[in-house]
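Notes to accompany the following structure.
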Amino acid sequence: MSTVLHLTSISLSNRLQVDSLHAVKGECIHLLGPNGAGKSSLMAVIAGLIAPEQGEVVLCDKSLSTWSLAELASLRTMLSQQLESNFALRVGEYLSFYAHSHRDNLLVPAMLERALEVKSFLYKPLTHLSGGERQRVEICRALLQIWPQLEIGEGIAILDEPLQGLDIRHQYAVATLIQALCAKGNTIIMSSHDIALSANYSTSLWLMNKGRIVASGAPHSVATQHNLERVFECHFLISKKKNFLEIQVCAPITLP
Ligand SMILES: Nc1ncnc2c1ncn2[C@@H]1O[C@H](COP(=O)(O)OP(=O)(O)OP(=O)(O)O)[C@@H](O)[C@H]1O
């Protein structure tokens, strides 16, 4: 398996301190950690949106600082946490800026439509969508940007809380879509606050706290009671049923 991403000695003042981290081709990485742990900061550094004060990010054997924006935009995509937008653009028009086919019936590839179900609102203005519908459009937009690469299994997607605001069926549909894209050879890093879903729909977990990676590797070795209790400061009950990890918070949280 080839390494597509390698981080060494990354530091960003008061936000990140990552000694060494790598992702291999086809890996489906879920990034976990409490609020403020540094997940968005790490993803912004990996995507090349923030330059670290120290250290180096190497993407496909080339230092990220030497990639042109155009090269980067065709290989890797980034979904940031949703920002308010008042553009009354139709969904179809918005997606067509990123799509590689401009015919309405081919705008959204079937694999994306099965999970995201955005076709029914292609003619609606973005401002008329619910929060979850808007999030599905944003995931679609991010994946369309590099769709030719994703189709041949050479894409890299960095998705900051893609499941945020989605109903339960769409959460699992998107997690399944991401798994399927990784099975084709694409490399995807996504952050999540659903520990149980992430433990079962990833090939690797990166667990962060206070700007550092606390544990990384196979989900069963990272999502342990010891690691989760240390990082999230609540009690967990973890059991394994067949190949499924069941993770629950098992005691009420006491407020100080
Ligand atoms: N633009 C910024 N400038 C300076 N500090 C920032 C900036 N954005 C975030 N931070 C700080 O960096 C730390 C990490 O924030 P980050 O957004 O990466 O956390 P996160 O793990 O993504 O959190 P959440 O789960 O709440 O989304 C926090 O202490 C935050 O206050």
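Numbers here are sequence positions counted from 1. Atoms within each ligand, like the ligands themselves, are counted from 1 in listed order.
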Open item on the list: Keeping Thr77 on the side-chain end and Ala142 on the backbone end, is there a donor-acceptor pair under 3.5 Å?
Closed with: yes
Task: Near ligand 1, at a heavy-atom separation below 4.0 Å: residues by chain and residue number - done: Arg15, Pro34, Asn35, Gly36, Ala37, Gly38, Lys39, Ser40, Ser41, Gln81, Glu161, His193
Open item on the list: Treating Ser221 as the side-chain partner and Ala218 as the backbone partner, does any N or O pair qualify as donor plus acceptor under 3.5 Å?
Closed with: yes
Please table the atom pairs, donor to acceptor, closer than 3.5 Å between any side-chain atom in residues 4-27 and protein atoms at least two apart or in another chain.
| residue | atom | partner | partner atom | Å |
| --- | --- | --- | --- | --- |
| Ser13 | OG | Glu53 | OE2 | 3.2 |
| Arg15 | NE | Ser41 | OG | 3.2 |
| Arg15 | NH2 | Ser41 | OG | 3.2 |
| Lys25 | NZ | Gly153 | O | 2.4 |
| Lys25 | NZ | Gly185 | O | 2.9 |
| Glu27 | OE1 | Val24 | N | 2.7 |
| Glu27 | OE2 | Ser204 | OG | 2.4 |

TODO: Write out all pairs satisfying salt bridge (charged side-chain N to carboxylate O under 4.0 Å, His left out) with one or both partners inside residues 158-170, taking only residues at least two apart or from two chains.
DONE: Glu117-Arg169
Open item on the list: Quick check with a 6.0 Å cut-off and a 45 degree axis cone: is Arg141 positioned over the face of Tyr98's six-membered ring?
Closed with: yes
Task: Set of residues satisfying ring-ring contact (aromatic ring centres under 6.0 Å, His included) with respect to Tyr201, sequence neighbours excluded - done: Tyr172
